[in-house]
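Every number for a ligand or one of its atoms is a count from 1 in the order of the listing. The structure displayed is predicted, hence computed values, not measured ones.
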Amino acid sequence: MNQHSESLGMLVKAVAFAADKHRNQRRKDADASPYINHPIALANVLANEGGVTDVAVLCAAVLHDTIEDTETTPEELTAVFGPQVTAIVLDVTDDKSLDKQVRKQRQIEHAPHISREAKLVKLADKICNLRDILATPPSDWSPDRKQAYFDWAAKVVAGVSGVHPELEAAFGRLLARHAELR
Ligand code: NDP
Ligand code: ZN
């Protein structure tokens, strides 16, 4: 198998793996969309808006919530996808044993220190979540709750500054659009 086919195979394997792990989960929008739409959206932003071709980054995007939100372990990810993809996923995984406010603050503090690959995944995650809040928000979020999320996301993304100017500009446009709607 040539390298291109191997990369493609790995990416499809990541999509199948994540779809299975998230199979019973739903997003928080009013329609309770299938959870897997979100990890696929990250990979779509990176590949088709950001021009990212690094298959480890695209796989990590698809897998980014498996350790945080499912029973998946780092050992399992390493066995299937190797240490490079697993390290990226771990860099964007919150420690759920910590208090929520502490976790949110940690994301702001850690963002500048994670790998370039993990910064790309983190940036795509925030872009996708802001788009979701604009288009299909959690039904019980007040305008203030949405504003708090945008403010927090902006602080996290400030920490990955320089990693991908075009995608950072796309993020900035979402902040501007939200500000206009208020
Ligand atoms: P939540 O964890 O409660 O919800 C947001 C997370 O849910 C997203 O990061 C995303 O995570 C996931 N998600 C699922 N469905 C959707 C959807 N349709 N749209 C958007 N996101 C979705 O919020 P946070 O704890 O992350 O809060 C972030 C900020 O808001 C913090 O600064 C916090 O302090 C503040 N906050 C404000 C409150 C208020 O009432 N003003 C209350 C609580 C927090 P993923 O990508 O991992 O799936
Ligand atoms: Zn996410």
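The OD2 atom of Asp65 and the OD1 atom of Asp125 meet at the Zn ion (ligand 2) at an angle of about 170°, given to 10°.
Taking the charged nitrogens against the carboxylate oxygens, Glu49 and Arg131 do have a contact shorter than 4.0 Å, which makes a salt bridge.
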Counting only pairs under 3.5 Å, give me each side-chain donor-acceptor contact of residues 51-63, with atom names and distances, residues two or more places apart or in other chains.
{"unit_1": "Asp54", "atom_1": "OD1", "unit_2": "Ala56", "atom_2": "N", "d": "3.0"}

Distance-only donor-acceptor pairs under 3.5 Å for side chains of residues 174-182, two or more places apart:
{"unit_1": "Arg182", "atom_1": "NE", "unit_2": "Gln147", "atom_2": "OE1", "d": "2.8"}
{"unit_1": "Arg182", "atom_1": "NH1", "unit_2": "Pro143", "atom_2": "O", "d": "3.3"}

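Contact annotation: His64 places an N, O or S atom under 2.8 Å from the Zn ion (ligand 2).
Figure legend: Arg26 and Tyr35 shown without cation-pi pairing, the cationic atom not lying both under 6.0 angstrom from the six-membered ring centre and within 45 degrees of its axis.
Under a cut-off of 6.0 angstrom, the local environment of CZ in Arg106 is sparse, with at most 12 non-hydrogen atoms contributed by other residues, nucleotides or ligands.
Sorted by chain and number, the residues within 4.0 Å of ligand 1 by heavy atom are Arg27, Lys28, Asp29, Tyr35, His38, Asp65, Lys100, Gln101, Lys104, Asp125, Asn129, Asp132, Ile133, Thr136, Pro138, Trp141, Arg145, Ala148, Tyr149, Trp152.
Between the Glu168 side chain and the Ser161 main chain, no donor and acceptor come within less than 3.5 Å of each other.
Among pairs with a residue in residues 3-13, those fulfilling side chain to side chain donor-acceptor pair (under 3.5 Å) read Asn2-Ser5, at least two apart in sequence or across chains.
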